[in-house]
Amino acid sequence: MTEGTLMTTAQPRASAAAVEPRGFWASYADWWRATPGSAVYLLVVFPLAMTAVGVLASVFWAGVGMLILVIGLPVVVASLFVARGFGAADRFLLRLTGLPGIAEPEWTSDRPDQTGFWRVLTRPLRNARYWLSLVHGMIVSPVLSTISFALTVAWLSVGLGGLTYWFWGLFLPRGDAGEWGRYVSDAVPWLFGGWSSWAVEVVLYLAAGILFTITMPWVLGGLARAHHAVAQGMLGRWPSDDLAAEARAEAMARTAAVRAEDAALRRLERDIHDGPQQRLVRLQLDLAALERRAEAGDPDAAAALAREAQVHAKAALDELRALSSGVAPPLLQDRGLVAALGALAAASAVPVNADLDPAIETQVGPEVARAAYFVVAELLTNVAKHSGATGVTLKAAMRPGAHAMLDVWVVDNGRGGAHVAPGHGLVGLEGRVQGLRGHLVVDSPLGGPTTVGVHLPASVQA
């Protein structure tokens, strides 16, 4: 009990030490370390802003002027895309300052099924992020960059020039009109009385250089932070972007699930037609022939037909059992995912080395378990049919975290070359996985090995 108490009380102390404010000189050193990058950004962003305002104003107002024509609308849309590009360049340059990166915003709020030429063409017009990028590129950035560029040049020139004036000032032409130090010494004789003009100039330049150099990290860092704050507000990601992305992901997942379910039902219908249905038709014909042989008094022929009908009935029953396992596998329902995956590994035509984490039994929801079973069954079938492999590794484990994930890996030593493409079986698997907000990863170079990873959330939220 005592040990546990000590461990419990020690943790807050460590946390408090971690958030203890740093001293002045340590903080000042941090500002200085960011100064070169901030200076480069503030100098480079000015020509970028001037280029942006020239290009955007020309293209946008040209498009507005031609709105009466059909071509005006595409030109305005093009100006919004150009503004987006300049905004991305600004966000990229801000990395030089050492400030936190600005995440990419969501550039569309349309659902995946909202397509069509006019809807796609007008998508930027209906998204406020494009218009904010345009306002940033045409108005805000040029004004802010002009002010910050002027201040940056002033601080760099006075700071560095003042500290080195004692050297480069020797090479300047001097005369009565240029010796302003003499006027200063005459104006304040109590401070510079008897000093030469050159000495006064050197001291004053040096004092200005020291002052501007000391304050340079704060001034340049503050200007960089002003740019960063504006870019974060106008070009960065908002909480509403996360909600829009979540809504789009949900819509895409539903679409993928519907398509995967439709493909599964069509495949089931085809399998029933090509398998059990044909067996049952043949069984019906055999029973009719058996009836005729029995009426004709031919017991040997009737017995042969009965045996043949029994074979077809058993085959139809086996095929129906196989198909029903693809709809609701009894082993998965009765004994859980670990036992079902183990049975798939044992029944595979290619030897499978299974490494199954028992934790998946209690942490994975029924919908996710069913999807994982189907995907693994299909992958093992593909390995047996197409890979030419002599061994397979099946691994399933939980990935801990705020949102627990089920990770399933199927690795074979076959010939490789597998990929997700229309018409291939992996497309259906990808749709099934995406329907549960998961993702499928395929790594299959020619010559092998082939690695297929399936990553699914542990449970599906209603």
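It should be emphasised that the depicted structure is a prediction, and the values quoted were computed from it without experimental measurement. Computation of the quantities below employed the complete heavy-atom set of this structure, encompassing side-chain atoms and omitting hydrogens, waters and symmetry-equivalent molecules.
In terms of heavy atoms, A39 sits closest to L220 at CB-CD1, 3.9 Å. The shortest non-hydrogen separation linking L344 to L380 is O-CD1, 3.9 Å. Taking all atoms of both residues into account, the shortest heavy-atom contact from V153 to S157 is O-OG, 2.7 Å. Nearest approach of W409 to D407, heavy atoms of both residues: NE1-CB, 4.1 Å. Here the shortest heavy-atom pairing between P449 and D412 reads CB-O, 3.1 Å. Scanning both residues, L446 and G417, for their nearest heavy atoms gives CD2-CA, 3.7 Å.
Look at E106 and R129 and you find no salt bridge, because none of the NZ, NE, NH1 or NH2 atoms lies under 4.0 Å from a carboxylate O.
When side chains are defined from C-beta on, M398 counts as touching V364, because their heavy atoms get closer than 4.5 Å. A 4.5 Å side-chain heavy-atom check between D90 and Y41 finds at least one atom pair inside the cut-off. With contacts defined as side-chain heavy-atom distances shorter than 4.5 Å, the pair L456/V433 qualifies. Side-chain contact between V392 and V411 is absent, with no heavy atoms from C-beta onward closer than 4.5 Å. Side chains of Y130 and S79 form no contact here, defined as non-hydrogen atoms less than 4.5 Å apart. Between R225 and S38, the closest side-chain pair of non-hydrogen atoms is not below 4.5 Å. For the pair V454 and H439, the minimum side-chain heavy-atom distance is 4.5 Å or more. Contact of the L93 side chain with the V40 side chain is not registered, since no non-hydrogen atoms from C-beta on lie closer than 4.5 Å.
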Under the side chain to side chain contact (heavy atoms under 4.5 Å, CB included) rule, what do H455 and L406 come out as? Steps first, then yes or no, please. CA-CA 6 Å; H455 309 285; L406 170 63; over 6 Å; no
Side chain to side chain contact (heavy atoms under 4.5 Å, CB included) between V77 and L125, intermediate numbers included: CA-CA 7 Å; V77 172; L125 301 175; 4.0 Å; yes
Walk me through it: do L337 and L356 pass the test side chain to side chain contact (heavy atoms under 4.5 Å, CB included)? CA-CA 9 Å; L337 181 58; L356 307 176; over 6 Å; no
Could you go step by step and tell me if V383 and V352 meet the side chain to side chain contact (heavy atoms under 4.5 Å, CB included) rule? CA-CA 11 Å; V383 170; V352 177; over 6 Å; no
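Rounded to the nearest 0.5 angstrom, R123 CZ and L80 CG are separated by 14.0 Å. With values rounded to the nearest 0.5 angstrom, Y205 atom OH is found 12.0 Å from F212 atom CZ. T451 contributes atom OG1, which lies 5.5 Å from atom CG of D443 (distance to the nearest 0.5 angstrom). Here CG of D355 is found 11.5 Å from CG of L341. Values are rounded to the nearest 0.5 Å. Here CD1 of I210 is found 11.5 Å from OG1 of T215. Values are rounded to the nearest 0.5 Å. Distance CG/L235 to CZ/R84: 12.0 Å, rounded to 0.5 Å.
Of the possible polar contacts, one joining the E361 side chain to the V338 backbone as a donor-acceptor pair under 3.5 Å is found. The closest donor-acceptor contact from the side chain of S348 to the backbone of A345 lies at 3.5 Å or more, if one exists at all. A donor-acceptor pair under 3.5 Å is formed between the side chain of R415 and the backbone N or O of H386. Of the possible polar contacts, one joining the N413 side chain to the G391 backbone as a donor-acceptor pair under 3.5 Å is found.
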Sequence neighbours excluded and cut-off under 3.5 Å, please list the side-chain donor-acceptor pairs for residues 43-64, or say none.
from, atom 1, to, atom 2, distance (Å)
T51, OG1, P47, O, 2.8
S58, OG, G54, O, 2.7

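A side-chain donor from one of S148 and H227 sits under 3.5 Å from a side-chain acceptor of the other.
Counting heavy-atom neighbours within 6.0 Å of L67 CG, excluding the residue itself, gives a total above 12. For W31, the CH2 atom sits in a packed shell: over 12 heavy atoms of surrounding residues, nucleotides or ligands are nearer than 6.0 Å. A 6.0 Å sphere centred on CD1 of I68 holds no more than 12 heavy atoms belonging to other residues, nucleotides or ligands.
The aromatic rings of W32 and Y28 sit perpendicular to each other, their planes meeting at more than 60°, with 30° as the lower class boundary.
Every residue was checked against the ring pair (Phe, Tyr, Trp, His ring centres under 6.0 Å) condition with F92, not counting sequence neighbours, and none meets it. W168 pairs by the ring pair (Phe, Tyr, Trp, His ring centres under 6.0 Å) definition with Y165, not counting sequence neighbours.
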